[in-house]
Amino acid sequence: MSDPEAADTEAGEVAGTKEATGAGQQPDVDGETLDLLAERRRKLDRIRAVGIEPFPHGFENREEIASVLESHSGLEAGEETDSVHRVAGRIVGRRGHGKAAFIDLRDSTGQIQLHAKADVLGEQAFALLDDLDLGDFLGVSGRAIVTRRGELSIEVAEWQILAKSLRPPPDKFHGLEDTETRYRRRELDLIANEESREIFRIRARTISEVRRWLDDHSFFEVETPVLQPLYGGALARPFITHHNALDRRLYLRIATELYLKRCVVGGIDRVYELGKDFRNEGISHKHNPEFTMLEWYEAYADYEKTASDLETLVSDVATRVLGKAEIERDGRSIDLTPPWRRITLREAILDNSGIDIEQETTRESLAAAMGVELDEATGWGKLVDTLFSKRVEPTLLEATFILDYPAELSPFAKAHRSRPGVVERWEAFVGGVEIANSFTELNDPDEQRRRFEQQAAEVARGDDEAQPYDESFIEALEQGMPPTGGVGLGIDRLVMMLTGTGSLREVVLFPAMRD
């Protein structure tokens with residue numbers, strides 16, 4: 001079974017800078033920014049000059065801001081309390097002048113206003129606090145009050161600098177918009193954009209809920225090698241590396257399939273792995289060279305059972321993460337509630353292109369029907385895949401299973417039990433994007449050997465994404481593997497659907513980028 005991957009300026013300070021765009025590059029800065037950097041260094045020196053350590057080791061007994069806000073949610077404007085709290089976070093805003101200042105402090109759970117007064121702190125302590133910059137980390141203690149405008153605040157009784165920020169915050173502190181900078185300098189994006197922080201909260205929750213679903217259904221989580229002596233389990237070009245001590249070539253895995261099926265051979269009837277795969281291929285809004293994949297295998301199941309499980313898992317995870325089994329994509333509402341639509345690959349291509357792939361059975365006739373030039377490295381299966389990708393895939397907006405693929409595209413899938421020439425395989429699509437792939441797994445070692453030999457012919461033709469011959473996997477199958485259904489679910493693409501984003505780069509913290 002292969003997988004679906006085939007990348008508010010506040011008063012008193014200017015909050016803007018042009019940051020470096022890559023490791024080892026010099027920052028593109030203007031004179032104004034250089035002045036800001038120099039001033040922050042001078043402030044660092046002033047802090048140290050009065051005996052304060054600007055980078056202390058910790059801040060004990062800190063409360064999360066969200067819990068402080070919740071504990072005083074019922075207070076009225078102007079009300080004061082005797083409740084003392086210790087909070088810490090980054091300074092994201094400040095107002096006021098003279099002997100009083102209001103500072104906005106943010107941690108990962110929320111934001112709260114600090115009210116600092118010279119007559120409470122003393123002149124020197126207040127002046128040092130007032131001299132801090134946007135982006136600095138600050139710890140404070142003080143009692144909770146509500147201002148006359150009705151905002152819950154901490155009246156600062158004590159404070160401690162926790163980290164001096166030596167660079168100004170990103171341009172538009174409350175909304176960094178430059179896409180290139182957001183992807184290359186994700187830390188700036190996370191500082192500036194609550195939307196980005198929310199995307200990665202949803203990602204983390206999604207992964208947790210996927211694991212919960214599998215664990216609740218008695219699946220056994222394992223870890224298989226990332227560095228492999230022979231890659232396999234998908235049609236893709238690998239990354240190649242060299243192990244010095246062993247003096248041998250190794251590959252970064254392109255899939256976990258072959259090792260997981262060996263676990264089934266060994267008696268683990270329900271097994272899964274959730275981790276990174278790597279493919280040395282192009283980068284697009286749907287592809288990144290490293291990506292997060294879930295693969296699971298269940299003995300005594302077939303592709304009909306895995307389809308039912310996949311649609312149930314996705315619907316349940318969406319409900320737990322979003323509160324409903326429904327997503328919005330390009331202004332369209334998509335219902336993830338089972339059962340999903342099901343249509344064969346042949347029917348889908350015929351409906352959208354007028355080409356019947358069961359009639360165009362040679363690569364020459366299919367290329368002619370498609371109106372494309374034929375090169376020596378392109379086999380019939382690759383032409384079918386290209387035709388489907390261009391003419392059908394973008395139309396699959398509602399949750400859909402595409403069933404029954406040509407054997408040439410599926411070297412690890414079992415032949416269809418009633419339809420000659422195709423295998424029992426489905427791919428799942430949501431919002432025009434493939435999110436999952438499944439087979440009734442091939443468990444006949446002699447037929448698997450023949451499929452490997454077919455793939456070897458594609459390699460000889462020049463296809464550098466074909467599956468290499470794996471004798472050790474054949475030997476594992478010869479031990480006996482029960483009927484098995486397998487699924488590969490692209491976690492990055494699932495998160496794209498749940499967050500309504502249009503690119504993998506939005507949901508991968510540090511995507512691959514050109515220099």
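Proximity of a side-chain donor or acceptor of Ser472 to a complementary backbone N or O of Asp470 within less than 3.5 Å is not detected. Between the side chain of Asp136 and the main chain of Ser165, a donor-acceptor pair closer than 3.5 Å is present. Using a distance-only test at 3.5 Å, with no hydrogens or angles considered, no donor-acceptor pair links the side chain of Arg203 to the main chain of Ile491. Although no hydrogens or angles enter the test, the distance criterion places a donor-acceptor pair under 3.5 Å between the side chain of Gln448 and the main chain of Pro411. For the pair Ser153 (side chain) and Glu151 (backbone), a donor-acceptor distance under 3.5 Å is present. In this structure, the side chain of Asn193 does not engage the main chain of Ser196 through any donor-acceptor pair within 3.5 Å. At least one donor-acceptor pair under 3.5 Å links the side chain of Trp426 to the backbone N or O of Tyr303. Put simply, the side chain of Ser353 gets close to the backbone of Ile349: a donor and an acceptor are under 3.5 Å apart. Between the Arg149 side chain and the Ala77 main chain, no donor and acceptor come within less than 3.5 Å of each other. Counting only distance, with no hydrogens or angles, the side chain of Arg425 and the backbone of Leu409 share a donor-acceptor pair below 3.5 Å.
Contact check for Phe220 versus Arg270: no side-chain heavy atoms found under the 4.5 Å cut-off. Contact check for Ile103 versus Val140: no side-chain heavy atoms found under the 4.5 Å cut-off. Between Phe388 and Glu427 there is a side-chain heavy-atom pair separated by less than 4.5 Å. Residues Val487 and Asp309 form no side-chain contact, since every pair of their non-hydrogen atoms from C-beta on lies 4.5 Å or further apart. In this structure, Leu442 and Val423 have side chains that are not in contact, with every pair of non-hydrogen atoms separated by 4.5 Å or more. When side chains are defined from C-beta on, His85 counts as touching Ser71, because their heavy atoms get closer than 4.5 Å. Within the 4.5 Å cutoff, side-chain heavy atoms of Asp269 are placed close to those of Tyr300. Taking the side chain as every heavy atom from C-beta outward, Asp404 and Arg346 never approach each other to under 4.5 Å.
Rounding to the nearest 0.5 Å gives a distance of 11.0 Å between CD of Glu360 and CE of Met370. Rounding to the nearest 0.5 Å gives a distance of 10.5 Å between CG of Asp215 and OG of Ser208. Rounded to the nearest 0.5 angstrom, Ile65 CD1 and Leu152 CG are separated by 10.5 Å. Atom CZ of Phe429 and atom CZ of Arg493 lie 8.5 Å apart (nearest 0.5 Å). In this structure, CG on Leu69 lies 4.5 Å from CD1 on Ile112, to the nearest 0.5 angstrom. Here the CZ atom belonging to Arg90 is positioned 14.0 Å from the CG atom belonging to Asp104, to the nearest 0.5 angstrom.
For the side chain to side chain donor-acceptor pair (under 3.5 Å) with Thr440, the qualifying choice from Lys414, His416, Glu424 is Glu424, the only one to do so.
Ion pairing of Arg106 with Glu194 is absent here, as no side-chain N (NZ or NE/NH1/NH2) approaches a carboxylate O to less than 4.0 Å. Ion pairing between Arg186 and Asp189 holds under the 4.0 Å rule for side-chain N and carboxylate O. Salt-bridge formation is not detected for the pair Lys286/Asp492: no Lys NZ or Arg NE/NH1/NH2 atom is positioned less than 4.0 Å from an Asp or Glu carboxylate oxygen.
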Would Thr501 and Glu506 count as a side-chain hydrogen bond (donor to acceptor under 3.5 Å, both in side chains) if you check the C-alpha gap in whole Å, the side-chain angles of each, and the deciding distance to 0.1 Å?
CA-CA 7 Å; Thr501 50; Glu506 293 286 352; over 6 Å; no
The test is salt bridge (charged side-chain N to carboxylate O under 4.0 Å, His left out); show your working for Arg253 and Glu273 and say whether it passes.
CA-CA 13 Å; Arg253 70 184 180 197; Glu273 183 168 6; 3.0 Å; yes
Apply side-chain contact (heavy atoms from CB on, under 4.5 Å) to residues Gln467 and Phe452 and explain how you reach the verdict.
CA-CA 7 Å; Gln467 166 69 45; Phe452 277 155; 3.5 Å; yes
Passes side-chain contact (heavy atoms from CB on, under 4.5 Å), Asp107 versus Val87? Steps please.
CA-CA 9 Å; Asp107 69 8; Val87 296; over 6 Å; no
Show your working on side-chain contact (heavy atoms from CB on, under 4.5 Å) between Leu397 and Arg329 and close with a plain yes or no.
CA-CA 9 Å; Leu397 300 180; Arg329 186 129 189 107; over 6 Å; no
Test Leu138 against Leu162 for side-chain contact (heavy atoms from CB on, under 4.5 Å), laying out the working first.
CA-CA 5 Å; Leu138 179 66; Leu162 302 179; 5.8 Å; no
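Using modelled atom types, one finds no donor on one side chain facing an acceptor on the other under 3.5 Å when comparing Arg505 with Asn288. Side chains of Ser67 and Glu64: no donor on one and acceptor on the other come within 3.5 Å. Remark: the Tyr272 side chain and the Glu221 side chain contain an N/O donor-acceptor pair separated by less than 3.5 Å. Side-chain polar atoms of Thr312 and Trp213 form no donor-acceptor pair below 3.5 angstrom.
With sequence neighbours left out, the side chain to side chain contact (heavy atoms under 4.5 Å, CB included) criterion links Ala301 to Glu298, Lys305. Under the rule for a ring-ring contact (aromatic ring centres under 6.0 Å, His included), the partners of Trp340 that lie at least two apart in sequence or sit in another chain are Phe401.
Closest approach of Ala234 to Ile254, counting heavy atoms only: O-CD1, 3.5 Å. Across all their heavy atoms, Ile268 and Val271 have their closest contact at CG2-CB, 3.8 Å. When all heavy atoms of Leu477 and Pro445 are compared, the pair lying nearest together is CB-CB, 3.9 Å. Residues Ile343 and Arg341 approach most closely at CD1-NH2, 3.7 Å, considering heavy atoms. Across all non-hydrogen atoms, the minimal contact from Arg342 to Ala307 is NH2-CB, 3.5 Å. The two residues Ala255 and Glu295 come nearest to each other via the heavy atoms CB-OE2, 3.6 Å.
Under a cutoff of 6.0 Å and an axis angle of 45°, Arg86 and Phe59 form a cation-pi pair.
In Phe510, the CZ atom is crowded: over 12 heavy atoms of neighbouring residues, nucleotides or ligands sit closer than 6.0 Å. Counting heavy-atom neighbours within 6.0 Å of Glu70 CD, excluding the residue itself, gives a total of 12 or less. A 6.0 Å sphere centred on NZ of Lys390 holds no more than 12 heavy atoms belonging to other residues, nucleotides or ligands.
Between Phe473 and Phe412, the two ring planes are perpendicular [angle over 60°; tilted spans 30° to 60°].
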